[in-house]
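Worksheet: one structure, shown below.
Just so it is clear, the model here is predicted, and its values are computed rather than measured.
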Amino acid sequence: MRAFFNQLLTKSPLCLCCGYQKTHKHGFCLGCYHDLPHIKTPCLQCGLPLKTNTPCTCKAEDWPFAACLSAFEYQFPINELVFQYKSQARLALCDSFAQALITQIKKQQHPLPQVLMPVPLHPNKLKQRGFNQSLELAKALSKQLHIPIDYHSLQSTQQTTQQKSLNKQQRLVNVQSSYALTRPLSVTHIALIDDVITTGATTKTLAYLLREHGATQIQAWSIARTASFNS
């Protein structure tokens with residue numbers, strides 16, 4: 001309540017995280033923005049955050065991406081904010097997530113793709129949630145980067161078990177044969193847009209599918225990357 005009246009008095013938007021301080025950058029106050037789990041040095045192959053002068057242990061043959069980029073590590077408070085975005089339809093967070101991700105993309109100076117493709121939701125899941133969180137993120141990215149969106153070519157063909165309840169191997173099996181390409185590709189450089197990348201099972205499945213149909217460069221962009229995952 002106090003935050004609400006302060007906002008009326010100051011006529012300035014308040015931090016999306018703490019809700020008390022005035023915004024400083026990407027919708028967050030100075031303190032909250034500084035404390036967010038930014039990924040400073042990602043492995044461009046798998047997206048995991050790297051420690052200084054420490055090479056990543058991932059294998060090139062396991063990651064079919066020209067670049068894998070996320071703005072944050074999936075830990076507090078980002079994990080809570082992503083939950084609110086997806087499960088509580090807190091869509092006001094979308095632009096802030098997109099701005100933070102764009103900062104990471106520009107920092108890495110990787111060539112921009114020709115088109116953005118959000119990870120599709122099964123129609124039943126879309127009806128239940130009311131929106132596709134990856135598509136909403138893609139819209140915000142498209143508006144700021146001036147890259148078109150293709151949300152028709154990829155289709156979810158069967159409803160899978162929620163990935164968060166599965167281990168690494170189960171996630172890989174869960175998404176096999178779950179997606180289809182509905183029409184020929186007209187571009188070769190594509191960025192797949194997802195909210196969170198954990199094992200990469202979903203984005204890798206889609207990347208292999210796109211490769212089979214002529215894509216030569218595929219990036220994976222997400223709000224957050226899980227720093228570790230127990231198989």
Side-chain angles (χ1 to χ4, degrees), residues 25-27 39 42 44-47 63-72 81-82 85-86 89-127 129-158 163 175 178-197 200-225:
K25 190 172 184 180
H26 303 339
I39 295 181
L44 292 182
Q45 191 165 262
C46 73
W63 294 91
F65 305 128
C68 186
L69 299 172
S70 304
F72 306 106
L81 293 175
V82 170
Y85 170 54
K86 291 171 59 175
R90 194 181 174 192
L91 299 181
L93 288 163
C94 191
D95 281 342
S96 294
F97 288 151
Q99 290 167 11
L101 180 52
I102 288 170
T103 298
Q104 178 71 282
I105 293 165
K106 290 183 176 180
K107 178 183 176 182
Q108 301 308 321
Q109 298 183 328
H110 200 83
L112 293 176
Q114 296 166 288
V115 71
L116 308 178
M117 286 191 178
V119 172
L121 281 183
H122 188 273
N124 292 344
K125 186 68 175 179
L126 182 59
K127 184 177 180 181
R129 179 169 291 164
F131 66 99
N132 179 344
Q133 71 277 4
S134 297
L135 174 56
E136 295 305 313
L137 178 62
K139 288 178 181 178
L141 293 167
S142 174
K143 183 177 180 180
Q144 297 182 53
L145 293 174
H146 308 291
I147 301 173
I149 305 171
D150 178 354
Y151 57 92
H152 296 295
S153 295
L154 289 174
Q155 184 179 56
S156 177
T157 56
Q158 64 182 30
Q163 291 284 73
V175 297
S178 297
Y179 300 98
L181 195 67
T182 62
R183 59 187 182 184
L185 294 175
S186 59
V187 296
T188 58
H189 190 177
I190 299 165
L192 291 166
I193 311 301
D194 205 357
D195 55 338
V196 179
I197 295 176
T202 299
T203 46
K204 285 195 286 186
T205 296
L206 292 171
Y208 289 128
L209 175 62
L210 293 172
R211 276 188 170 188
E212 289 174 4
H213 291 82
T216 57
Q217 288 192 75
I218 301 167
Q219 300 186 46
W221 296 353
S222 70
I223 300 165
R225 179 71 164 91

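Sequence neighbours left out, the pairs with a member in residues 144-153 that pass salt bridge (charged side-chain N to carboxylate O under 4.0 Å, His left out) are Asp150-Arg183.
Here the CG-NE2 distance, from Leu181 to His213, works out to 5.0 Å after rounding to the nearest 0.5 Å. A distance of 10.0 Å separates CD in Gln217 from CZ in Arg211, rounded to the nearest 0.5 Å. Considering OG1 of Thr182 and NE2 of His152, their distance stands at 8.5 Å, rounded to 0.5 Å. For the atom pair CZ (Phe65) and CD1 (Ile197), the distance works out to 6.0 Å, reported to the nearest 0.5 Å. The distance from the CG atom of Leu210 to the OG1 atom of Thr216 is 11.0 Å, given to the nearest 0.5 Å. If you take CD on Gln219 and CD1 on Ile193, they are separated by 8.5 Å, rounding to the nearest 0.5 Å.
Taking 4.5 Å as the limit, every side-chain heavy atom of Met117 sits out of range of all side-chain heavy atoms of Leu206. By the 4.5 Å heavy-atom criterion applied to side chains, Arg225 and Cys46 are counted as neighbours. For the pair Leu185/Val115, no side-chain contact is recorded, criterion being any heavy-atom separation below 4.5 Å from C-beta on. Contact of the Leu91 side chain with the Tyr85 side chain is registered, since non-hydrogen atoms from C-beta on lie closer than 4.5 Å. Within the 4.5 Å cutoff, no side-chain heavy atoms of Ile190 are placed close to those of Pro113. Side-chain atoms of Pro64 and Lys204, non-hydrogen and from C-beta on, do get closer than 4.5 Å to each other. Between Thr205 and Ser178, every side-chain heavy-atom pair lies at or beyond the 4.5 Å cut-off. The shortest side-chain heavy-atom distance between Ser222 and Val196 does not fall under the 4.5 Å cut-off.
Contact detail for Gln45 and Trp63: the closest heavy-atom pair is O-CB, 3.4 Å. Here the shortest heavy-atom pairing between Gln104 and Ser70 reads NE2-O, 3.1 Å. When every heavy atom of Gly214 is checked against every heavy atom of Thr188, the shortest pair comes out as O-CG2, 3.8 Å. Taking both residues in full, the closest heavy atoms of Ala207 and Leu192 are given as N-CD1, 3.9 Å, listed atom of the first, atom of the second, then distance. Among all heavy-atom pairs drawn from Pro118 and Leu116, the shortest one is CD-O, 3.8 Å. Between Asn132 and Val119, the shortest heavy-atom contact is ND2-O, 3.1 Å.
Counting heavy-atom neighbours within 6.0 Å of Lys107 NZ, excluding the residue itself, gives a total above 12.
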Output, in order, the C-alpha distance, side-chain angles, deciding distance and verdict of side chain to side chain contact (heavy atoms under 4.5 Å, CB included) for Ile223 and Gln133.
CA-CA 11 Å; Ile223 300 165; Gln133 71 277 4; over 6 Å; no
Criterion side chain to side chain contact (heavy atoms under 4.5 Å, CB included) on Ile149 and Leu135, from CA distance to verdict
CA-CA 9 Å; Ile149 305 171; Leu135 174 56; 4.2 Å; yes
Atom pairs and distances, donor-acceptor, side-chain atoms in residues 92-101, under 3.5 Å, two or more places apart:
unit_1 : atom_1 : unit_2 : atom_2 : d
Ser96  : OG     : His26  : O      : 2.6
Gln99  : OE1    : His26  : ND1    : 3.2

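Scored by the side-chain contact (heavy atoms from CB on, under 4.5 Å) test, Leu112 finds Ile105, Ile147, Trp221 as partners (sequence neighbours excluded).
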